[in-house]
Amino acid sequence: MTVNESPGGFAGDPTAALTVAGSTGCCGNPAQSTNIALPDPADSTGGTCCGTPAAAVAANSCCAPAAKADAVATGQGCCG
Amino acid sequence: MTGPTVGAGIDAAVDAALATVSADRLAATVTTLAGDAFTGRRVGTPGNIAARAWLASQLADLGAAVETDPFPVRAVPDIYAAPTVRFDDGTIARGLSFGREVSLHLASADLGTPRRGALGVAGVGEPTGRWLVVPAGMSLFDAYGHADGAAGLLLPRNVDADGWQFTMLAGPTPGPLPVLTLATVTYHAVAEAALAGGGWFVANAPIRRADVTAGNLHGRLRPAAGDVDLLLTAHFDGVGDHPGLRQPAAADNASGVAVVLEATRVLAAGLPRGMGLSVALLDGEEVGALGSAHHASRLAETGADPLVVNVDGAGHLHQAAAVEAGGPADGLLALLDQAGRHTGVPLVAGPVASDNRRYAGAGFAAIGIGAGMAGYHSPADTPDRVEPGTLTAIARLVVATGWLAARTPAGHAADVVTGKPAPAPIGGR
(Lines give C-alpha, C1' and ligand atoms only; values in the text may rest on other atoms or scores of the structure.)
Protein backbone atom coordinates (compact mmCIF):
# COMPACT_ATOMS: atom_id res chain seq x y z
CA MET A 1 0.00 0.00 0.00
CA THR A 2 1.27 3.41 -0.90
CA VAL A 3 1.04 5.93 1.88
CA ASN A 4 1.80 9.49 0.89
CA GLU A 5 3.95 11.53 3.17
CA SER A 6 2.33 14.82 2.24
CA PRO A 7 -0.93 15.50 4.05
CA GLY A 8 -3.94 15.21 1.83
CA GLY A 9 -7.64 15.62 2.41
CA PHE A 10 -9.33 18.63 3.88
CA ALA A 11 -7.34 20.79 6.22
CA GLY A 12 -10.57 21.73 7.94
CA ASP A 13 -14.13 20.52 8.12
CA PRO A 14 -15.08 18.90 4.80
CA THR A 15 -18.65 20.07 5.17
CA ALA A 16 -17.43 23.62 4.65
CA ALA A 17 -17.57 22.68 0.98
CA LEU A 18 -21.35 22.67 1.32
CA THR A 19 -21.43 26.35 2.17
CA VAL A 20 -18.92 27.86 -0.21
CA ALA A 21 -19.24 31.62 -0.44
CA GLY A 22 -20.04 33.05 -3.83
CA SER A 23 -21.61 29.90 -5.17
CA THR A 24 -24.88 31.41 -6.29
CA GLY A 25 -24.23 31.12 -10.01
CA CYS A 26 -23.78 28.08 -12.18
CA CYS A 27 -21.05 29.37 -14.44
CA GLY A 28 -18.49 32.10 -14.57
CA ASN A 29 -15.07 32.49 -13.14
CA PRO A 30 -12.92 29.46 -12.48
CA ALA A 31 -12.22 27.98 -9.12
CA GLN A 32 -10.08 29.84 -6.66
CA SER A 33 -7.30 27.40 -7.24
CA THR A 34 -6.60 28.64 -10.73
CA ASN A 35 -4.18 31.26 -9.43
CA ILE A 36 -5.06 33.53 -12.31
CA ALA A 37 -5.57 37.21 -11.73
CA LEU A 38 -8.87 37.81 -13.40
CA PRO A 39 -10.72 41.05 -13.87
CA ASP A 40 -13.27 41.93 -11.30
CA PRO A 41 -16.52 40.20 -12.31
CA ALA A 42 -18.24 43.49 -11.77
CA ASP A 43 -16.01 44.96 -14.45
CA SER A 44 -17.51 45.81 -17.78
CA THR A 45 -17.13 42.35 -19.23
CA GLY A 46 -17.57 40.24 -16.17
CA GLY A 47 -18.90 36.74 -16.39
CA THR A 48 -20.65 35.88 -13.21
CA CYS A 49 -24.19 34.72 -12.86
CA CYS A 50 -26.55 36.67 -10.76
CA GLY A 51 -29.46 36.54 -8.40
CA THR A 52 -30.25 34.19 -5.59
CA PRO A 53 -30.18 30.42 -6.03
CA ALA A 54 -33.80 30.19 -5.01
CA ALA A 55 -34.91 32.67 -7.63
CA ALA A 56 -32.77 31.01 -10.26
CA VAL A 57 -34.16 27.58 -9.46
CA ALA A 58 -37.67 28.93 -9.54
CA ALA A 59 -37.00 30.25 -13.03
CA ASN A 60 -35.19 27.07 -14.10
CA SER A 61 -32.21 29.20 -14.99
CA CYS A 62 -28.75 30.07 -13.84
CA CYS A 63 -29.92 33.53 -13.02
CA ALA A 64 -32.81 35.20 -11.35
CA PRO A 65 -34.67 36.94 -14.19
CA ALA A 66 -34.82 40.29 -12.49
CA ALA A 67 -31.18 40.20 -11.51
CA LYS A 68 -30.25 39.07 -14.99
CA ALA A 69 -32.14 41.97 -16.53
CA ASP A 70 -30.27 44.36 -14.30
CA ALA A 71 -26.98 42.73 -15.16
CA VAL A 72 -27.66 42.88 -18.87
CA ALA A 73 -28.67 46.49 -18.63
CA THR A 74 -25.48 47.37 -16.85
CA GLY A 75 -23.30 45.33 -19.11
CA GLN A 76 -22.27 42.77 -16.55
CA GLY A 77 -22.05 39.14 -17.46
CA CYS A 78 -24.90 36.82 -16.67
CA CYS A 79 -25.36 33.31 -17.91
CA GLY A 80 -28.27 31.06 -18.67
CA MET B 1 -8.77 17.92 10.98
CA THR B 2 -8.01 14.92 13.14
CA GLY B 3 -8.67 11.82 11.12
CA PRO B 4 -7.98 8.14 11.10
CA THR B 5 -4.74 6.63 10.00
CA VAL B 6 -4.21 7.21 6.33
CA GLY B 7 -5.30 4.18 4.46
CA ALA B 8 -7.52 2.77 7.17
CA GLY B 9 -10.38 0.87 5.65
CA ILE B 10 -8.82 0.79 2.23
CA ASP B 11 -7.62 -2.54 1.04
CA ALA B 12 -4.83 -3.44 -1.27
CA ALA B 13 -7.16 -3.60 -4.23
CA VAL B 14 -7.51 0.16 -4.09
CA ASP B 15 -3.78 0.65 -4.32
CA ALA B 16 -3.58 -1.83 -7.13
CA ALA B 17 -6.18 0.19 -8.97
CA LEU B 18 -4.42 3.47 -8.24
CA ALA B 19 -1.20 2.06 -9.62
CA THR B 20 -2.82 1.65 -13.02
CA VAL B 21 -3.57 5.34 -13.46
CA SER B 22 -1.51 6.43 -16.43
CA ALA B 23 -0.08 9.92 -16.74
CA ASP B 24 0.76 9.26 -20.38
CA ARG B 25 -2.79 8.29 -21.20
CA LEU B 26 -4.15 11.32 -19.38
CA ALA B 27 -1.81 13.68 -21.20
CA ALA B 28 -2.61 12.07 -24.55
CA THR B 29 -6.31 12.67 -24.03
CA VAL B 30 -5.70 16.33 -23.24
CA THR B 31 -3.51 16.75 -26.29
CA THR B 32 -6.07 15.17 -28.57
CA LEU B 33 -9.00 17.19 -27.28
CA ALA B 34 -6.99 20.40 -27.47
CA GLY B 35 -5.86 19.68 -31.01
CA ASP B 36 -6.53 21.71 -34.10
CA ALA B 37 -9.15 19.26 -35.36
CA PHE B 38 -11.54 20.13 -32.56
CA THR B 39 -11.17 23.93 -32.91
CA GLY B 40 -11.67 24.71 -29.24
CA ARG B 41 -14.93 22.70 -29.01
CA ARG B 42 -17.42 25.57 -28.79
CA VAL B 43 -20.96 24.21 -28.54
CA GLY B 44 -22.61 23.64 -31.90
CA THR B 45 -19.45 23.85 -33.98
CA PRO B 46 -18.06 21.10 -36.19
CA GLY B 47 -15.08 20.85 -33.86
CA ASN B 48 -17.34 20.26 -30.88
CA ILE B 49 -19.28 17.60 -32.76
CA ALA B 50 -16.07 15.90 -33.85
CA ALA B 51 -14.80 15.91 -30.28
CA ARG B 52 -18.03 14.35 -29.09
CA ALA B 53 -17.72 11.61 -31.69
CA TRP B 54 -14.17 10.91 -30.62
CA LEU B 55 -15.21 10.78 -26.98
CA ALA B 56 -18.07 8.42 -27.80
CA SER B 57 -15.56 6.04 -29.30
CA GLN B 58 -13.41 6.31 -26.20
CA LEU B 59 -16.35 5.45 -23.96
CA ALA B 60 -17.32 2.56 -26.18
CA ASP B 61 -13.77 1.25 -26.00
CA LEU B 62 -14.15 1.25 -22.22
CA GLY B 63 -17.16 -0.99 -22.58
CA ALA B 64 -19.81 1.63 -22.00
CA ALA B 65 -23.24 1.67 -23.52
CA VAL B 66 -23.10 5.13 -25.07
CA GLU B 67 -25.93 7.51 -25.82
CA THR B 68 -25.97 11.04 -27.16
CA ASP B 69 -28.66 13.27 -25.72
CA PRO B 70 -29.25 16.40 -27.81
CA PHE B 71 -30.65 19.67 -26.54
CA PRO B 72 -31.04 23.14 -28.04
CA VAL B 73 -28.90 26.12 -27.17
CA ARG B 74 -29.91 29.56 -28.32
CA ALA B 75 -27.85 32.59 -29.21
CA VAL B 76 -24.32 31.28 -28.85
CA PRO B 77 -21.89 34.15 -29.50
CA ASP B 78 -19.68 33.68 -32.54
CA ILE B 79 -16.97 36.13 -33.55
CA TYR B 80 -16.98 35.25 -37.24
CA ALA B 81 -14.00 37.37 -38.30
CA ALA B 82 -11.07 38.95 -36.56
CA PRO B 83 -12.09 42.55 -35.87
CA THR B 84 -10.27 45.16 -37.89
CA VAL B 85 -9.46 48.01 -35.55
CA ARG B 86 -7.26 51.06 -36.09
CA PHE B 87 -6.68 54.01 -33.81
CA ASP B 88 -5.12 57.40 -34.58
CA ASP B 89 -4.20 59.57 -31.63
CA GLY B 90 -3.75 62.59 -33.86
CA THR B 91 -0.13 61.91 -34.65
CA ILE B 92 0.14 58.30 -35.70
CA ALA B 93 -2.28 55.57 -36.70
CA ARG B 94 -1.86 51.93 -35.76
CA GLY B 95 -3.79 48.71 -35.71
CA LEU B 96 -4.89 47.08 -32.48
CA SER B 97 -4.30 43.39 -31.95
CA PHE B 98 -7.37 41.25 -31.52
CA GLY B 99 -7.55 39.34 -28.26
CA ARG B 100 -4.97 41.43 -26.49
CA GLU B 101 -5.53 45.12 -27.14
CA VAL B 102 -9.10 44.87 -28.33
CA SER B 103 -11.96 42.41 -28.22
CA LEU B 104 -15.72 42.39 -28.57
CA HIS B 105 -18.12 42.81 -25.70
CA LEU B 106 -20.91 40.25 -25.53
CA ALA B 107 -23.42 43.09 -25.59
CA SER B 108 -22.09 44.24 -28.96
CA ALA B 109 -24.29 44.54 -31.98
CA ASP B 110 -23.02 42.93 -35.17
CA LEU B 111 -21.11 45.30 -37.45
CA GLY B 112 -19.44 43.58 -40.34
CA THR B 113 -18.05 46.58 -42.16
CA PRO B 114 -15.54 48.82 -40.40
CA ARG B 115 -16.96 52.13 -39.29
CA ARG B 116 -14.78 55.23 -39.03
CA GLY B 117 -15.49 58.04 -36.63
CA ALA B 118 -13.98 60.73 -34.50
CA LEU B 119 -13.35 59.91 -30.88
CA GLY B 120 -15.55 61.24 -28.14
CA VAL B 121 -16.45 60.62 -24.52
CA ALA B 122 -19.83 59.28 -23.47
CA GLY B 123 -21.73 62.00 -21.68
CA VAL B 124 -19.58 64.79 -23.10
CA GLY B 125 -20.64 66.64 -26.22
CA GLU B 126 -22.32 65.44 -29.38
CA PRO B 127 -22.24 61.64 -29.80
CA THR B 128 -23.41 61.30 -33.38
CA GLY B 129 -20.97 59.42 -35.56
CA ARG B 130 -18.33 59.13 -32.84
CA TRP B 131 -16.68 56.18 -31.17
CA LEU B 132 -17.36 56.97 -27.54
CA VAL B 133 -14.98 56.16 -24.73
CA VAL B 134 -17.08 55.08 -21.77
CA PRO B 135 -15.62 56.65 -18.63
CA ALA B 136 -14.59 54.34 -15.83
CA GLY B 137 -17.48 53.90 -13.46
CA MET B 138 -20.17 54.57 -16.07
CA SER B 139 -22.36 51.53 -16.66
CA LEU B 140 -23.10 50.32 -20.14
CA PHE B 141 -26.75 51.07 -19.48
CA ASP B 142 -25.92 54.69 -18.71
CA ALA B 143 -23.59 54.89 -21.69
CA TYR B 144 -26.43 53.91 -24.01
CA GLY B 145 -28.26 56.95 -22.74
CA HIS B 146 -25.47 59.18 -24.00
CA ALA B 147 -24.88 57.37 -27.28
CA ASP B 148 -27.71 58.24 -29.62
CA GLY B 149 -26.32 57.98 -33.14
CA ALA B 150 -22.86 57.01 -31.95
CA ALA B 151 -20.59 54.79 -34.02
CA GLY B 152 -19.99 52.54 -31.05
CA LEU B 153 -18.75 52.28 -27.49
CA LEU B 154 -15.28 51.60 -26.11
CA LEU B 155 -15.00 50.02 -22.68
CA PRO B 156 -11.94 49.32 -20.53
CA ARG B 157 -11.01 45.78 -19.67
CA ASN B 158 -8.21 44.19 -17.72
CA VAL B 159 -6.15 41.43 -19.24
CA ASP B 160 -4.93 38.22 -17.64
CA ALA B 161 -1.37 37.38 -16.68
CA ASP B 162 -0.60 36.39 -20.28
CA GLY B 163 -1.98 39.62 -21.67
CA TRP B 164 -5.21 38.16 -23.06
CA GLN B 165 -8.75 39.35 -22.77
CA PHE B 166 -10.22 35.98 -21.93
CA THR B 167 -13.34 34.79 -23.75
CA MET B 168 -16.74 34.37 -22.19
CA LEU B 169 -19.76 32.93 -23.95
CA ALA B 170 -22.29 33.43 -21.17
CA GLY B 171 -23.23 37.04 -20.84
CA PRO B 172 -25.57 39.80 -21.84
CA THR B 173 -27.57 39.74 -25.02
CA PRO B 174 -26.71 42.15 -27.85
CA GLY B 175 -27.56 45.79 -27.47
CA PRO B 176 -28.09 48.50 -30.09
CA LEU B 177 -24.45 49.46 -30.73
CA PRO B 178 -21.08 47.92 -31.48
CA VAL B 179 -19.20 47.61 -28.19
CA LEU B 180 -15.47 46.98 -28.06
CA THR B 181 -13.33 46.28 -25.03
CA LEU B 182 -9.88 47.81 -24.83
CA ALA B 183 -7.02 46.62 -22.68
CA THR B 184 -6.38 49.08 -19.92
CA VAL B 185 -3.23 50.61 -21.41
CA THR B 186 -4.88 50.98 -24.81
CA TYR B 187 -8.02 52.37 -23.23
CA HIS B 188 -6.09 55.12 -21.49
CA ALA B 189 -4.34 56.09 -24.73
CA VAL B 190 -7.64 56.25 -26.59
CA ALA B 191 -9.32 58.14 -23.76
CA GLU B 192 -6.49 60.66 -23.71
CA ALA B 193 -6.91 61.30 -27.41
CA ALA B 194 -10.67 61.60 -27.01
CA LEU B 195 -10.37 64.08 -24.17
CA ALA B 196 -7.88 66.11 -26.20
CA GLY B 197 -10.49 66.39 -28.93
CA GLY B 198 -8.40 64.73 -31.57
CA GLY B 199 -7.94 61.35 -33.10
CA TRP B 200 -10.18 58.88 -34.81
CA PHE B 201 -11.10 55.26 -34.55
CA VAL B 202 -12.15 52.74 -37.16
CA ALA B 203 -13.50 49.34 -36.26
CA ASN B 204 -15.97 46.65 -37.06
CA ALA B 205 -17.62 44.24 -34.63
CA PRO B 206 -18.17 40.94 -36.43
CA ILE B 207 -20.14 39.00 -33.83
CA ARG B 208 -23.32 37.05 -34.40
CA ARG B 209 -25.48 34.65 -32.44
CA ALA B 210 -26.23 31.12 -33.49
CA ASP B 211 -28.99 28.78 -32.37
CA VAL B 212 -27.40 25.35 -32.23
CA THR B 213 -27.96 21.81 -31.12
CA ALA B 214 -25.72 20.59 -28.33
CA GLY B 215 -25.31 17.03 -27.15
CA ASN B 216 -24.33 15.33 -23.92
CA LEU B 217 -22.64 11.97 -23.99
CA HIS B 218 -23.77 9.35 -21.51
CA GLY B 219 -21.99 6.11 -20.90
CA ARG B 220 -23.21 3.41 -18.56
CA LEU B 221 -20.47 1.03 -17.43
CA ARG B 222 -22.28 -0.80 -14.68
CA PRO B 223 -25.96 -0.93 -13.85
CA ALA B 224 -27.17 0.77 -10.74
CA ALA B 225 -28.07 -2.46 -8.98
CA GLY B 226 -26.76 -1.79 -5.50
CA ASP B 227 -26.74 0.93 -2.91
CA VAL B 228 -24.32 3.20 -4.70
CA ASP B 229 -24.50 4.60 -8.21
CA LEU B 230 -21.51 6.76 -9.06
CA LEU B 231 -21.77 9.34 -11.84
CA LEU B 232 -18.55 10.93 -13.06
CA THR B 233 -18.98 14.12 -15.07
CA ALA B 234 -16.90 16.69 -16.92
CA HIS B 235 -17.76 19.15 -19.64
CA PHE B 236 -16.03 18.68 -22.96
CA ASP B 237 -17.05 21.93 -24.62
CA GLY B 238 -14.80 24.96 -24.70
CA VAL B 239 -15.19 28.60 -25.61
CA GLY B 240 -13.92 27.82 -29.10
CA ASP B 241 -11.36 29.26 -31.46
CA HIS B 242 -11.69 32.77 -32.84
CA PRO B 243 -10.57 33.58 -36.36
CA GLY B 244 -6.81 33.72 -36.14
CA LEU B 245 -6.77 32.75 -32.47
CA ARG B 246 -6.60 29.13 -31.39
CA GLN B 247 -8.10 28.54 -27.96
CA PRO B 248 -7.30 24.91 -27.20
CA ALA B 249 -9.22 24.64 -23.93
CA ALA B 250 -6.70 22.17 -22.59
CA ALA B 251 -7.13 22.76 -18.88
CA ASP B 252 -10.73 23.92 -19.29
CA ASN B 253 -11.77 21.23 -19.62
CA ALA B 254 -9.91 18.64 -21.63
CA SER B 255 -8.11 17.95 -18.37
CA GLY B 256 -11.32 17.16 -16.52
CA VAL B 257 -12.50 14.92 -19.32
CA ALA B 258 -9.17 13.11 -19.29
CA VAL B 259 -9.49 12.53 -15.55
CA VAL B 260 -13.01 11.18 -15.89
CA LEU B 261 -12.09 8.84 -18.73
CA GLU B 262 -9.05 7.52 -16.89
CA ALA B 263 -10.92 7.10 -13.61
CA THR B 264 -13.70 5.33 -15.46
CA ARG B 265 -11.26 2.97 -17.11
CA VAL B 266 -9.72 2.07 -13.77
CA LEU B 267 -12.97 1.79 -11.84
CA ALA B 268 -14.77 -0.22 -14.50
CA ALA B 269 -12.00 -2.75 -14.43
CA GLY B 270 -12.25 -3.57 -10.79
CA LEU B 271 -15.17 -2.20 -8.85
CA PRO B 272 -17.09 -4.68 -6.73
CA ARG B 273 -20.34 -6.04 -8.09
CA GLY B 274 -23.43 -4.08 -7.29
CA MET B 275 -21.99 -0.63 -7.63
CA GLY B 276 -23.36 1.42 -10.48
CA LEU B 277 -20.98 3.43 -12.60
CA SER B 278 -21.81 5.88 -15.34
CA VAL B 279 -20.26 8.84 -17.08
CA ALA B 280 -21.68 12.07 -18.46
CA LEU B 281 -19.47 14.13 -20.73
CA LEU B 282 -21.36 17.37 -20.88
CA ASP B 283 -21.86 19.97 -23.54
CA GLY B 284 -22.85 23.59 -23.12
CA GLU B 285 -21.12 24.34 -19.83
CA GLU B 286 -19.53 27.48 -21.19
CA VAL B 287 -22.88 28.93 -22.16
CA GLY B 288 -24.38 28.50 -18.72
CA ALA B 289 -24.03 24.89 -17.63
CA LEU B 290 -26.91 23.97 -19.89
CA GLY B 291 -25.80 20.39 -20.53
CA SER B 292 -25.80 19.50 -16.88
CA ALA B 293 -29.10 21.29 -16.37
CA HIS B 294 -30.56 19.13 -19.12
CA HIS B 295 -29.05 15.96 -17.73
CA ALA B 296 -30.01 16.66 -14.14
CA SER B 297 -33.57 17.20 -15.23
CA ARG B 298 -33.59 13.89 -17.08
CA LEU B 299 -32.14 12.07 -14.09
CA ALA B 300 -34.75 13.51 -11.80
CA GLU B 301 -37.49 12.33 -14.14
CA THR B 302 -36.20 8.77 -14.03
CA GLY B 303 -35.88 8.63 -10.28
CA ALA B 304 -32.15 8.03 -10.47
CA ASP B 305 -30.13 8.85 -7.40
CA PRO B 306 -26.45 9.00 -8.31
CA LEU B 307 -23.52 10.37 -6.39
CA VAL B 308 -22.08 12.99 -8.73
CA VAL B 309 -18.38 13.78 -8.96
CA ASN B 310 -17.65 16.58 -11.43
CA VAL B 311 -14.15 17.63 -12.48
CA ASP B 312 -13.58 21.06 -14.02
CA GLY B 313 -9.92 21.92 -14.33
CA ALA B 314 -7.15 19.48 -13.49
CA GLY B 315 -4.25 21.36 -14.92
CA HIS B 316 -2.34 23.21 -12.28
CA LEU B 317 -2.68 22.08 -8.70
CA HIS B 318 -1.47 24.74 -6.33
CA GLN B 319 -1.60 24.09 -2.61
CA ALA B 320 -4.97 22.35 -2.72
CA ALA B 321 -7.78 21.36 -5.04
CA ALA B 322 -10.96 23.35 -4.61
CA VAL B 323 -14.05 21.39 -3.65
CA GLU B 324 -17.61 22.61 -3.71
CA ALA B 325 -20.48 20.40 -2.70
CA GLY B 326 -24.23 20.59 -2.84
CA GLY B 327 -27.25 18.47 -2.15
CA PRO B 328 -27.07 15.68 0.43
CA ALA B 329 -23.33 15.33 -0.02
CA ASP B 330 -22.06 15.03 3.56
CA GLY B 331 -21.21 11.38 3.17
CA LEU B 332 -19.68 11.86 -0.23
CA LEU B 333 -17.48 14.61 1.17
CA ALA B 334 -16.34 12.28 3.91
CA LEU B 335 -15.32 9.76 1.29
CA LEU B 336 -13.51 12.41 -0.72
CA ASP B 337 -11.69 13.53 2.40
CA GLN B 338 -10.58 9.99 3.07
CA ALA B 339 -9.56 9.56 -0.54
CA GLY B 340 -7.59 12.79 -0.40
CA ARG B 341 -5.70 11.67 2.65
CA HIS B 342 -4.96 8.31 1.12
CA THR B 343 -3.72 9.73 -2.18
CA GLY B 344 -2.00 12.76 -0.68
CA VAL B 345 -4.16 15.30 -2.49
CA PRO B 346 -4.87 18.33 -0.31
CA LEU B 347 -8.39 19.72 -0.53
CA VAL B 348 -9.96 23.01 0.37
CA ALA B 349 -13.54 24.21 0.34
CA GLY B 350 -13.82 26.71 -2.49
CA PRO B 351 -16.02 27.70 -5.40
CA VAL B 352 -16.21 25.35 -8.34
CA ALA B 353 -18.63 27.18 -10.59
CA SER B 354 -19.44 24.34 -12.88
CA ASP B 355 -21.86 21.57 -13.72
CA ASN B 356 -21.86 20.21 -10.17
CA ARG B 357 -24.14 23.09 -9.24
CA ARG B 358 -26.82 21.93 -11.64
CA TYR B 359 -26.85 18.44 -10.17
CA ALA B 360 -26.86 19.80 -6.64
CA GLY B 361 -29.64 22.17 -7.57
CA ALA B 362 -31.68 19.19 -8.72
CA GLY B 363 -31.23 17.59 -5.33
CA PHE B 364 -28.45 15.12 -6.03
CA ALA B 365 -25.39 14.66 -3.87
CA ALA B 366 -22.80 16.42 -5.99
CA ILE B 367 -19.26 17.59 -5.58
CA GLY B 368 -17.16 19.65 -7.95
CA ILE B 369 -13.39 19.42 -8.00
CA GLY B 370 -11.26 22.19 -9.48
CA ALA B 371 -7.53 21.67 -9.58
CA GLY B 372 -6.39 24.68 -11.44
CA MET B 373 -5.89 26.13 -14.87
CA ALA B 374 -3.09 28.10 -16.43
CA GLY B 375 -4.56 30.23 -19.17
CA TYR B 376 -8.29 30.58 -18.68
CA HIS B 377 -10.45 30.86 -21.82
CA SER B 378 -7.57 32.18 -23.84
CA PRO B 379 -4.99 31.05 -26.41
CA ALA B 380 -2.73 30.34 -23.45
CA ASP B 381 -4.81 27.34 -22.33
CA THR B 382 -2.49 24.89 -24.06
CA PRO B 383 -1.68 21.25 -23.35
CA ASP B 384 1.89 21.98 -22.36
CA ARG B 385 0.58 23.99 -19.41
CA VAL B 386 -1.47 21.07 -18.10
CA GLU B 387 0.65 19.33 -15.52
CA PRO B 388 0.78 15.53 -15.79
CA GLY B 389 1.25 15.38 -12.04
CA THR B 390 -1.98 17.24 -11.48
CA LEU B 391 -3.87 15.04 -13.93
CA THR B 392 -2.57 11.95 -12.18
CA ALA B 393 -3.29 13.25 -8.70
CA ILE B 394 -6.90 14.12 -9.47
CA ALA B 395 -7.50 10.89 -11.34
CA ARG B 396 -6.19 8.96 -8.35
CA LEU B 397 -8.38 11.04 -6.06
CA VAL B 398 -11.48 10.21 -8.08
CA VAL B 399 -10.57 6.53 -8.30
CA ALA B 400 -10.02 6.31 -4.57
CA THR B 401 -13.32 8.06 -3.92
CA GLY B 402 -15.11 5.58 -6.15
CA TRP B 403 -13.49 2.63 -4.47
CA LEU B 404 -14.37 3.94 -1.04
CA ALA B 405 -17.96 4.44 -2.11
CA ALA B 406 -18.08 0.88 -3.37
CA ARG B 407 -16.66 -0.49 -0.16
CA THR B 408 -19.02 1.44 2.06
CA PRO B 409 -21.70 -0.90 3.41
CA ALA B 410 -25.29 0.07 2.96
CA GLY B 411 -24.41 3.31 1.35
CA HIS B 412 -22.94 4.82 4.46
CA ALA B 413 -19.70 6.66 4.58
CA ALA B 414 -18.73 7.06 8.15
CA ASP B 415 -17.43 3.59 8.87
CA VAL B 416 -14.44 4.11 6.62
CA VAL B 417 -13.81 7.54 7.99
CA THR B 418 -14.47 7.39 11.68
CA GLY B 419 -15.34 3.82 12.42
CA LYS B 420 -18.62 4.98 13.86
CA PRO B 421 -22.11 4.55 12.48
CA ALA B 422 -22.91 7.09 9.84
CA PRO B 423 -25.64 9.63 10.45
CA ALA B 424 -26.93 9.56 6.91
CA PRO B 425 -26.55 7.70 3.65
CA ILE B 426 -23.84 9.01 1.40
CA GLY B 427 -26.39 9.84 -1.20
CA GLY B 428 -30.11 9.93 -1.37
CA ARG B 429 -32.47 12.67 -2.17
Side-chain angles (χ1 to χ4, degrees), chain A residues 1-49 53-54 56-57 60-63 68-80, chain B residues 1 3 6-7 12 15 18 105-107 139-141 155-158 160-161 168 170-173 181 252 285 287-289 313 316 318 320-326 329-330 333-334 336-338 340-353 357-358 361 367 370-373 376:
Chain A
M1 176 180 291
T2 300
V3 178
N4 293 278
E5 295 181 359
S6 60
F10 286 94
D13 181 4
T15 59
L18 287 161
T19 55
V20 172
S23 60
T24 57
C26 58
C27 62
N29 289 331
Q32 285 179 329
S33 59
T34 55
N35 302 311
I36 300 173
L38 293 173
D40 183 344
D43 199 352
S44 55
T45 54
T48 57
C49 294
V57 169
N60 191 31
S61 173
C62 282
C63 300
K68 178 179 179 180
D70 289 344
V72 171
T74 58
Q76 297 179 25
C78 192
C79 67
Chain B
M1 177 180 181
V6 172
D15 287 320
L18 293 175
H105 195 286
L106 287 176
S139 72
L140 186 57
F141 180 81
L155 296 176
R157 188 178 179 193
N158 296 325
D160 66 16
M168 296 298 290
T173 51
T181 56
D252 189 10
E285 194 270 352
V287 289
H316 184 64
H318 177 71
V323 176
E324 179 181 321
D330 298 72
L333 277 170
L336 183 71
D337 183 40
Q338 174 74 353
R341 279 182 277 139
H342 183 69
T343 57
V345 178
L347 307 170
V348 63
V352 182
R357 292 183 180 178
R358 289 296 201 178
I367 59 173
M373 306 170 187
Y376 173 72

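Treat the numbers as computed from the prediction; the structure is a model and nothing was measured. Letters go in sequence order (proteins before strands), and every chain restarts at 1. Side chains are part of it too, since the values below use all heavy atoms of this structure and drop only hydrogens, waters and symmetry mates.
Across all non-hydrogen atoms, the minimal contact from A:Ala16 to B:Ala349 is C-CB, 3.6 Å. When all heavy atoms of A:Val20 and B:Val323 are compared, the pair lying nearest together is CG2-O, 4.0 Å. Contact detail for A:Phe10 and B:Leu333: the closest heavy-atom pair is CZ-CD2, 4.0 Å.
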